There are 2 protein chains.
Amino acid sequence: MSELPKNRKVTRADVARYSGVSTAVVSYVLNNGPKPVAPLTRERVLEAVRVLGYRPNAAARALSTGSADMIGMIVVDSRNPFFAQLCHALDRATVRRDRSLLIANSDREHVAAADQIHDLAARQIGGLIIADVLTAVEQAIIESLDIPVVLINQYTGASKTPAIGVDFRAGAKSAVEHLIEHGYRDIAFVGSALAIDRRERGWSDALSEAGLPLGPRLHAPFSYAGGYEAGLALAESERRPRAVFAASDQIAVGLLAALHRAGLRVPDDIAVVSFDGTMESAYTWPPLTTVAQPIAAMADEAIRQLVTGVLTPGLTTFPTELVVRESCGCAAGVSGVGAGLVEVDSTSHLDLSL
Amino acid sequence: MSELPKNRKVTRADVARYSGVSTAVVSYVLNNGPKPVAPLTRERVLEAVRVLGYRPNAAARALSTGSADMIGMIVVDSRNPFFAQLCHALDRATVRRDRSLLIANSDREHVAAADQIHDLAARQIGGLIIADVLTAVEQAIIESLDIPVVLINQYTGASKTPAIGVDFRAGAKSAVEHLIEHGYRDIAFVGSALAIDRRERGWSDALSEAGLPLGPRLHAPFSYAGGYEAGLALAESERRPRAVFAASDQIAVGLLAALHRAGLRVPDDIAVVSFDGTMESAYTWPPLTTVAQPIAAMADEAIRQLVTGVLTPGLTTFPTELVVRESCGCAAGVSGVGAGLVEVDSTSHLDLSL
DNA sequence: CTGAAAGCGCTTACAG
DNA sequence: CTGAAAGCGCTTACAG
């Protein structure tokens, strides 16, 4: 709109000159403080900003204040559907609070997580979200940086570091209890070998309390391939379980592929319940019964703590919800076609020309 | 390691003092220029950096140079598996070149894409990647910013803006030709209604050249739900096609769910081929035959152009590859169990206790 | 309520 | 090959 030379950026000085005030006053109105400004002066400044098309330089602000209004995030692999949804939710929550989210994948080749943490810190992030299991060294680095940190989905229970997450144990237990209600007595576990992960414990809790023996236990990586391999192993096992609790939807998707490959019917031959409640869980065949995590609410809380600076030590727990579909054995009629299809785009339209 | 007070950041001045040189020299060695430095001096500086644990302040550097060593990215929805993989690949490519990727989802509520573009610019990004269809206004804003831009997967053919992408038309055509080779004569299209999207054209090309009539054409949003709805519509249609070309894996996943729901067998009742080659395409049932995009190579090229500043006007095309699995009707034995399971983690291990 | 001025931590032309 | 110094565009304590 403005006819200024393109190669010359409009700065605060230009705005000050145009509106006949000092640059300090321009700052006061743009930041709503720390000093009050007379209403009329304020208007003049705002008008100048509008006319000149002024945009503050974030780098200059960051240098001056020591914070870049960015939240950093370390995540193992943002391609993983659960983490992809988490990143997306954090992005939304961050933007809502006028910050930006700077994501660093820790599965980067040839780059140590420690370097990434330092890199984020060098960029003057105002807070750090960690969705990854860090080594002691990495944790030490983070502490030395004194940047506020919130763990998400990675609570060890060992520290007072603020953490956001669901009760993995209770959530898993509810899933397995649902399988037990179906009458299955031989229920396997497929999931992480990490001690941090309480889902395995939830599985064994449910079985113990029901007086049932522990079914097969397969430790597989959190990936489609991990689930697939576990599924093949289960299918070929001479002691094939009647049902499986998978620790993530992604594992369950791989698992389903393997079971189909092996010619087994789900849920008739083997029932499946998983964890996370990602979008894709509604579109597998059969649709997955899954323990849904309230991703948006968790993301909001993590960002809230970081932005307000009011950190809650230890774990802040969010409730899970068992989304019942068909992989567990519940009839399609009960949960209904499209049950759990919460993500249906309201603007969705189909143009048919059959 | 160093025993400095935590609340006092080590700056370039500290390093200069410690090594007995000026801050200019510290810059010269850290940036390898623009002036030469004597080897011994260089060593002294590096030693000081090490001892003091010095980390350059990126905001200060950004203010001084006018560039924050960050690449910005606008993407519709990073949860979409294809975009999730693209973002991940771009992250890798960016880090390899000592930059960071700052991602902005354009589906943010209450935040106009225009504002996000301005926000990225304010953060002094050195380049912008666009994986989204922008309005004319948004394009105008970007041009006025004079930040180097590369479109990815969004080439309109209308402008000389550098763009990276596959030949959608040829890729789609190869997929449909594969279906034709199977002997199917009634082949539907499910995909975007956007004129930009040449996949529909590739579909009709293949049919025309084979002397076949155009099958049903369904325009659905790029989402699981879009594919699901289209699948239901196809299944219920009195003129059900024998095969379908789906414009994305995500649509195909939704489509498969709907076909299963309708009691149709894939590929026996209806065959499916899709587009993208995302990880999940290998784990559907049946596994999807799909036109794979070379995501990593495309990401590398986009970042290379932005970082080196050597922009290639117009479209730089990458080859697609038809990954044959089973949804098209090819026998499992031919493509093999696990064909296309490229992503199997080499460190993958299964701990079984059956 | 407003302004002059120092300072944030870098980079780099300029001088030696 | 090295250094003194100006400048990048903000913020904010201090003075009026």
Side-chain angles (χ1 to χ4, degrees), chain A residues 4 7-46 48-49 52-70 118-119 121-126, chain B residues 4 7-46 48-49 52-70 118-119 121-126:
Chain A
L4 293 171
N7 41 16
R8 167 81 171 65
K9 285 265 182 72
V10 179
T11 74
R12 224 167 206 56
D14 298 315
V15 175
R17 202 171 307 122
Y18 187 97
S19 49
V21 299
S22 68
T23 61
V25 172
V26 178
S27 271
Y28 300 154
V29 353
L30 257 28
N31 302 330
N32 286 314
K35 296 295 181 57
V37 176
L40 266 72
T41 312
R42 173 186 201 74
E43 273 317 313
R44 282 220 313 285
V45 170
L46 258 18
V49 167
L52 300 176
Y54 168 69
R55 302 275 169 178
N57 180 320
R61 174 165 226 276
L63 174 58
S64 195
T65 65
S67 169
D69 289 345
M70 289 198 293
H118 277 128
D119 188 75
R123 292 186 186 281
Q124 312 302 112
I125 57 171
Chain B
L4 293 171
N7 40 18
R8 168 80 171 67
K9 284 267 182 70
V10 178
T11 74
R12 224 169 207 52
D14 297 316
V15 175
R17 203 172 305 122
Y18 187 96
S19 48
V21 300
S22 70
T23 61
V25 172
V26 177
S27 271
Y28 299 154
V29 355
L30 258 29
N31 301 331
N32 286 314
K35 295 295 180 59
V37 175
L40 266 71
T41 312
R42 173 185 200 73
E43 273 317 314
R44 283 218 314 284
V45 170
L46 258 18
V49 167
L52 301 176
Y54 169 69
R55 303 274 168 177
N57 179 320
R61 174 164 226 276
L63 174 58
S64 196
T65 66
S67 170
D69 289 343
M70 289 197 293
H118 277 127
D119 187 74
R123 291 185 186 281
Q124 312 303 110
I125 57 171

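Values in this document were obtained by computation on a predicted structure and should not be read as measured data. Convention: sequence-line order gives letters A, B, ...; per-chain numbering from 1.
- Contact between the side-chain N/O atoms of B:Asn31 and the OP1/OP2 oxygens of C:dT11 is found at a separation under 4.0 Å.
- Across all their heavy atoms, A:Ala16 and A:Ser22 have their closest contact at CB-C, 3.8 Å.
- Nearest to the side chain of B:Ala38, among D:dC10, D:dT2, C:dT2, sits D:dT2.
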Note to self: As a quick check of understanding, evaluate side-chain contact (heavy atoms from CB on, under 4.5 Å) for A:Asp14 and A:Tyr54, giving each step before the final call.
What the structure shows: CA-CA 9 Å; A:Asp14 298 315; A:Tyr54 168 69; over 6 Å; no
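- Here A:Thr41 does not reach the OP1 or OP2 of C:dC1: none of its side-chain N or O atoms lies under 4.0 Å away.
- For DNA chain C, the residues of residues 60-67 of chain A within the heavy-atom distance limit of 4.0 Å (strictly under) are A:Leu63, A:Ser64, sorted by number.
- Here the P atom of nucleotide C:dC8 and the CZ atom of A:Arg123 are 22 Å apart, to the nearest Å.
- Side-chain N or O atoms of B:Ser19 include one that pairs as donor or acceptor with a backbone N or O of B:Val15 at under 3.5 Å.
- Rounded to an integer number of Å, the gap from CG of A:Asp69 to C1' of D:dC10 is 12 Å.
- Using a 4.0 Å cut-off between charged nitrogen and carboxylate oxygen, B:Arg61 and B:Asp69 count as a salt-bridge pair.
- Contact of A:Tyr28 with C:dG3 (side chain to base): a donor-acceptor pair of N or O atoms is detected under 3.5 Å.
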Check: Tell me, what's DNA chain C's dot-bracket, Watson-Crick or G-U with both distances under 3.5 Å, | for other-strand, [ ] crossing?
Finding: |||.||||||||.|||
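- For the pair A:Gln124 and B:Ala59, the tightest heavy-atom approach, listed with the atom from each and the gap, is CG-CB, 3.8 Å.
- Between B:Asn32 atom CG and D:dC1 atom C1' there is a gap of 15 Å when expressed in whole angstrom units.
- Proximity of A:Ser27 to the phosphate of D:dT12: no side-chain N or O atom is located under 4.0 Å from OP1 or OP2.
- Of the candidate nucleotides C:dG9, C:dC1, D:dT11, D:dT11 has the atom lying nearest to any side-chain atom of A:Arg12.
- Per the geometry, NZ belonging to A:Lys9 stands 9 Å off P belonging to D:dG9, to the nearest Å.
- Nucleotide C:dG9 holds its C1' atom 11 Å from the CG atom of B:Asp14, rounded to whole Å.
- Each of A:Thr23 and A:Lys35 lies near DNA chain D, and the nucleotide nearest A:Thr23 is the one positioned closer to the 5' end.
- The CZ atom of A:Arg17 sits 15 Å away from the C1' atom of C:dG3 (whole-angstrom rounding).
- Annotation: the span from B:Lys9 atom NZ to B:Leu52 atom CG amounts to 15.0 Å, rounded to 0.5 Å.
- In this structure, the CD atom of A:Gln124 is 13 Å from the P atom of C:dC8, given to the nearest Å.
- The shortest non-hydrogen separation linking B:Arg123 to B:Met70 is O-CE, 3.8 Å.
- Separation of the C1' atoms belonging to D:dG16 and D:dT12 is 16 Å when rounded to the nearest angstrom.
- Between C:dC1 and A:Arg42, no contact under 4.0 Å exists linking OP1 or OP2 to a side-chain N or O.
- Separating the CZ atom of B:Arg55 from the C1' atom of C:dC8 is a distance of 20 Å, rounded to the nearest angstrom.
- In terms of heavy atoms, B:Gly20 sits closest to B:Arg44 at O-NH2, 4.0 Å.
- A:Asn57 has its side chain out of reach of A:Thr11: every pair of non-hydrogen atoms, C-beta onward, lies at least 4.5 Å apart.
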Please output the side-chain donor-acceptor pairs of residues 29-36 of chain B that fall under 3.5 Å, not counting sequence neighbours, one pair per line with the distance.
from: B:Asn31; atom 1: ND2; to: B:Ser27; atom 2: O; distance (Å): 3.4
from: B:Asn32; atom 1: OD1; to: B:Arg42; atom 2: NH2; distance (Å): 2.9

